[in-house]
Protein chains: 2
Amino acid sequence: MIRRTTSQKKAIQEVFQKSDRPLGIEEIVSAGRQIIDSLDQSTVYRNLKLLVEQGWLLKISHPALGTMYERSGKGHHHHFHCRFCNKVFELPGCALNEEKLTPAGFVTEGHEVFLFGACASCKN
Amino acid sequence: MIRRTTSQKKAIQEVFQKSDRPLGIEEIVSAGRQIIDSLDQSTVYRNLKLLVEQGWLLKISHPALGTMYERSGKGHHHHFHCRFCNKVFELPGCALNEEKLTPAGFVTEGHEVFLFGACASCKN
DNA sequence: GTCGTTGCAAAGCCTTTGCAGGGAA
DNA sequence: TTCCCTGCAAAGGCTTTGCAACGAC
């Protein structure tokens, strides 16, 4: 299907390009409205869905914070949730022994890891 | 606050005692209705909340399957989601190097790990 | 008899969908 | 001009809440 370039979609992409961490819908909508103030939530939802389908974004289901989105192409990594500022940070690398955890007879295809605690700015 | 022992609450607890894996609301309601057929969803939600507050249950937010509940007191463990039968199994032990993953300046308080793939019964 | 609990229905969130008008190509 | 996309409103899931009747103690 042919896609058109709209100012709304560009605004949403711009929001992600300015961010180095996963964003929730609330954050995306409010940051997007600073670029296009008429931006509607349903437009954001529709574009997020398209951008995920096109591989430009990844959807994350965070256990505590719900659905979030981040730019794709960052390789395998995990997430840290600061309980104080409620931001999610990306953790480079992976420290999980998948094989050790997999029960006999099971086949593991992938995994997700979420850490939580206090980020550097909030640990005081 | 004083709590009363009702047949509905006992039925819900019975459902968990018969299960060795986390259950979703749908499963809890339908299994509970086999014991008390008038059991209402809102009653289940209310009792699950109470049982979590009382420490009898743990609430899990699974990235793919949403909210699930499991009996508490099983120690630190993680979960395996079979993409075929959609059941969640408990994985004894932990194979995560939390320290290695934590960025400098951050304080990690805990973590969650979710594996996914095929269980022994579904791997064919 | 009290007052916590239940079932039912209604209301709240978050997300998706229908529709007519608007804008990209 | 075409027809995809947007904004608005309505509708869907899941979960919570209000309320009168019920039932544990």
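No hydrogens, no waters, no symmetry mates; every other heavy atom, side chains included, goes into these values. Chain letters run A, B, ... following the sequence lines, proteins first, then strands; residues in each count from 1.
- Linking Ile, Leu, Val, Met, Phe, Trp and Tyr residues whenever their side-chain heavy atoms come within less than 4.5 Å leaves A/L39 and A/L50 in two separate clusters.
- Between B/H111 and B/H78, the two ring planes are tilted [angle within 30° to 60°].
- As a whole-Å value, the separation of A/I28 CD1 from C/dC14 C1' is 14 Å.
- Counted within 6.0 Å of CD on A/E26, heavy atoms from surrounding residues, nucleotides or ligands total 12 or fewer; the atom is thus considered open.
- For A/I36 and D/dC5, the CD1 to C1' distance is 12 Å, given to the nearest whole Å.
- Where pairing requires Watson-Crick or G-U contacts shorter than 3.5 Å, the helical stems of DNA chain C with at least three consecutive pairs are C:1-25 with D:1-25.
- A distance below 6.0 Å separates the ring centres of A/H81 and A/H62.
- Between B/F16 and B/L48, some side-chain heavy-atom pair lies under the 4.5 Å cut-off.
- One atom, NE2 of A/H62, and another, P of C/dC14, lie 17 Å apart when rounded to the nearest Å.
- With salt bridges taken as basic N to acidic carboxylate O contacts below 4.0 Å, none links A/E14 and A/K10.
- A/S61 places no side-chain N or O within donor-acceptor distance of the main-chain N or O of B/A64, the cut-off being under 3.5 Å.
- Between the CG atom of A/D40 and the C1' atom of C/dA20 there is a distance of 15 Å, given to the nearest Å.
- Here C/dG21 presents its P atom at 18 Å from CD of A/Q8, a figure rounded to the nearest Å.
- Residues passing the side chain to side chain donor-acceptor pair (under 3.5 Å) test with B/R83 are A/E109, sequence neighbours excluded.
- Protein atom CE of B/M68 is 16 Å distant from nucleotide atom C1' of D/dT15, rounded to whole Å.
- Atom pair A/L50:CG and D/dC4:C1' shows a separation of 10 Å (rounding to whole Å applied).
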Report summary line: 5' to 3', nucleotides 16-25 of chain D under a 4.0 Å protein heavy-atom cut-off (B base, S sugar-phosphate only, - none) gives BBB----BBS
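- A close approach under 4.0 Å does occur between a side-chain nitrogen or oxygen of B/T67 and OP1 or OP2 of D/dT15.
- As rounded to whole Å, 11 Å separates atom C1' of C/dG4 from atom NZ of B/K9.
- A salt bridge is defined here as a Lys NZ or Arg NE, NH1 or NH2 lying under 4.0 Å from an Asp or Glu carboxylate O, and B/R21 with B/E27 meets this definition.
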